[in-house]
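To keep things clear, I will list the structure first and then write my remarks on it.
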Amino acid sequence: MKQFSRREFIGTGAAVASTAAVGAFSPIASAQTPTLAYKPEAGAKLRVLRWKRFVQGDEDQFMINIEKFSKTYGIEVKVDNEGWEDIRPKAAVSANVGSGPDMIMGWFDDPFQYPTKMLDMTELCTYLGQKYGGWYDAAKQYGTLNGKWLSVPWAFIANAMVYRKSHVQAAGFETMPKDTAGFLKLCQALKEKGTPAGFALGKAVGDGNNWTHWLLWSHGGKMVNEKGQVVIDSPETIAALEYARELYKTFVPGTLSWQDPNNNKAFLDGQISLTANGISVYYAAKMSEDPKMKAMADDIEHAHFPVGPVGRPMELMQITQMMCFAYTKFPNATRELARFLMEGEQYNPWMEKSIGYGAQTLKAYAANPLWHGDPKVAVYGECPAMATVHGYSGPLGAASAAVLGDYIVLDMVAEASSGTRTPKEAAQRAAERAKRYYKA
Amino acid sequence: MKALSLMERFQSNRHALGYTFMLPAVLLLAGLLAYPLGLGTWLGFTDAKIGRVGEWIGLENFAYLITDSVFQLVVFNTLFYTIVASIAKFILGLWLALLLNKNLPFQSFFRAVVLLPWIAPTALSALAFWWMYDAQFSVISWLFTKMGLIDHYIDFLGDPWMARMSVIIANVWRGIPFVAISLLAGLQTISPSFYEASSIDGATPWQQFRFITMPLLTPIIAVVMTFSVLFTFTDFQLIYVLTRGGPLNATHLMATLAFQRAIPGGALGEGAAIATMMVPLLLAAIMFSYFGLQRRAWQQGADK
């Protein structure tokens, strides 16, 4: 089975979690299930701000869970939805003025921008980690600062290669190559067959950032070293950009203008046969009434990003976190809500209903039936184990957020791919821009 | 005679009373305009980040921006965008206004229809343009391909210069109605007797346009173009929907870069500095269109 061979990449913990199902944890469970519960303050009322859902099932099940919490504890919970890009400024304002929602579902390293304003979640996250097989490495990095948990990593937005099996086979490849060299050959062959690949090089916050970071990291390039010094102008980066240049030649025309939705549309229209995306392309095809789309769904396969010269998977995944603020009047109620939502009884149905859009941050949830029913979906269940934090390999914080928000890596790859700048120039420019943020 | 009480003296003092009546307006302006503007400018001199109050760093943001290659490109984009789009809007808008000023059948219908692009929300019309410019699904490319004019889809937003022209066309399309309707209003204030008198003197239509319409319309043009330049210079929504500044930052304007750095990027101080740097450029643009067009010798009554 293909999925098993793919799992060799994954850390042992994840492999146990995803193959052995919940049973693997029963010894712990029967011996001494860790227990933790917070007693909500009397008269507590909570406000939650979350990003507006991308998948209807996510919001529906989330609200069911919230209502369940309200009924169980007699606590009124008001949930507001905002466009995902509006969350960051709102959370920042709340942190600064010291009032606002008790819990905000933020993105990436938001909690690191105001670590002193966060409610300490160490106890809760330690408990969750013990009970549910531990946190994935990337989740832990996004949640902790100096050994203290600032937030509760909620879910990864899993991202993988999406391709048309028949087109890949027609191009002479049995399956998706596992290394970057083979991947380039595949893209060249696909282009020759008139069924090209396409990866977003416009200002695509999700898709564009994801694949360009993989490109950089898989070749050994990185923005900063462990001390947060900018090291992007390196031979490894140049190698990555040379590779990008060759790869770009195989793309469908127009990728420089692509934003997040473009590759979905082009793929579903049959104009491209290979891209990187969340699970949404597959589900759009699968759920369609159109027999042509259904046939396409059968032909769609997923795979992890190929491994480059560094020899291990290097992938960027968006992550969303529950940020609980220290200003809350009801810290225990807030913590209890976070605990409640992260517990299996609530988390598993939520992840299922969100059809894998949000993937688990806790290893035990890899056993969710969602990942083990349709084999095409399984790849996404393995994504959390492959995630690398966007500030790799430096510290997370304002600088890493700014570098991502300013599209420095994406711009660099786009400049080098399109030939507007040589790889060396593109890398130098990226270094100059990044140094601005990493100066202090 | 009894001395006037303080209240009575206050009420009969026209200065005091006048200032009192102006107070609400002053507070409103100070609170809603001056304060945010001042705060924005101040932020530009700090290293404020999202979630962290900044410290005064003087001109560092500005000094950095001047050397930043992205910012340099963005200033060029903004000037190019503003100048080309404003000129195009002026010429086409004036032309449209002249046409609408003629006695056409269904005159009021046409005048109303012309306003539609202006009425439609920018985000909405931008989405329509996005579809027209799409790399894979462009209706324009599709049409031309079907007609056999081209054999591959036009890369409207993927090539830097194509993208610049494409966003300018979208902006012009949206901005024409404002220019046209305002100029039409100006045209209608010109008394027909001038035209009658000149045609008796044997003036050609071009001479009428050159020596009657243009001079009398110039004050309106000055105002309309000032606003038009303002709107164009500060454009945000159109770019944000169509390209977000791509490809390769070719369509990034100062407003969109300020947002990108300040909010998603978290560098509030730097974003504010970019926004602040728009002010001198804006003032220059306004000065040019305002004084350049308004302070003409003929307006001062001077003879040639």
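Throughout, a chain's letter reflects where its sequence line sits, starting with A, and its residues are numbered from 1.
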[X] atom [atom1], neighbour heavy-atom count above 12 within 6.0 Å:
{"X": "B/Y64", "atom1": "OH", "result": "yes"}
{"X": "B/Y35", "atom1": "OH", "result": "no"}
{"X": "A/E192", "atom1": "CD", "result": "no"}
{"X": "A/Y327", "atom1": "OH", "result": "yes"}

What part of [X] is in contact with chain B, defined as an atom under 4.5 angstrom from a non-hydrogen atom: side chain, backbone, both or neither?
{"X": "A/W258", "result": "side chain"}
{"X": "A/V205", "result": "side chain"}
{"X": "A/T255", "result": "neither"}
{"X": "A/P89", "result": "both"}
{"X": "A/N96", "result": "side chain"}
{"X": "A/P115", "result": "neither"}
{"X": "A/Q271", "result": "side chain"}

salt_bridge(B/D68, A/R433) N-O dist < 4.0 Å:
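Salt bridge: no.
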Heavy atoms, side chains only, cut-off 4.5 Å: are B/L248 and A/S418 in contact?
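Of all side-chain heavy-atom pairs linking A/S418 with B/L248, at least one is under 4.5 Å.
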Could you check whether any side-chain heavy atom of A/D411 comes within less than 4.5 Å of a side-chain heavy atom of B/N249, counting everything from C-beta outward?
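When only atoms from C-beta onward are counted, B/N249 and A/D411 do touch, with a gap below 4.5 Å.
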Which one, [options], leads in non-hydrogen pairs under 4.5 Å with chain B?
{"options": "A/Q113, A/Q259, A/R88", "value": "A/Q259"}
{"options": "A/E432, A/E415, A/K265", "value": "A/K265"}
{"options": "A/D86, A/D269, A/L404, A/L201", "value": "A/D269"}
{"options": "A/G405, A/A398, A/A399", "value": "A/G405"}

Nearest 0.5 Å please: distance from the [atom1] atom of [X] over to the [atom2] atom of [Y].
{"X": "B/H252", "Y": "A/Y407", "atom1": "NE2", "atom2": "OH", "answer": "7.5 Å"}
{"X": "B/S69", "Y": "A/R421", "atom1": "OG", "atom2": "CZ", "answer": "5.5 Å"}
{"X": "A/K439", "Y": "B/E60", "atom1": "NZ", "atom2": "CD", "answer": "5.0 Å"}

Counting a contact as any heavy-atom pair under 4.5 Å apart, which residues of residues 128-136 of chain B contact chain A?
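Heavy-atom contacts from residues 128-136 of chain B to chain A are B/W130, B/D134, B/A135, B/Q136.
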By number, which residues in residues 163-174 of chain B have some heavy atom less than 4.5 Å away from chain A?
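Against chain A, none of the residues of residues 163-174 of chain B fall inside the cut-off of heavy atoms under 4.5 Å.
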If you compare all heavy atoms of [X] against all heavy atoms of [Y], which two are closest, and at what distance to 0.1 Å?
{"X": "A/K203", "Y": "B/R244", "value": "CG-O, 3.3 Å"}
{"X": "A/L256", "Y": "B/P247", "value": "O-CB, 3.6 Å"}
{"X": "A/R429", "Y": "B/V70", "value": "NH2-N, 3.4 Å"}
{"X": "A/A266", "Y": "B/F137", "value": "N-CE1, 3.8 Å"}

Only pairs of heavy atoms separated by less than 4.5 Å count here; which of B/N61, B/T251, B/D47 has the most with chain A?
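Of the candidates given, the most pairs with chain A belong to B/N61.
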Chain A contact via B/I154 - side chain, backbone, both or neither, heavy atoms under 4.5 Å
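No part of it gets close to chain A.
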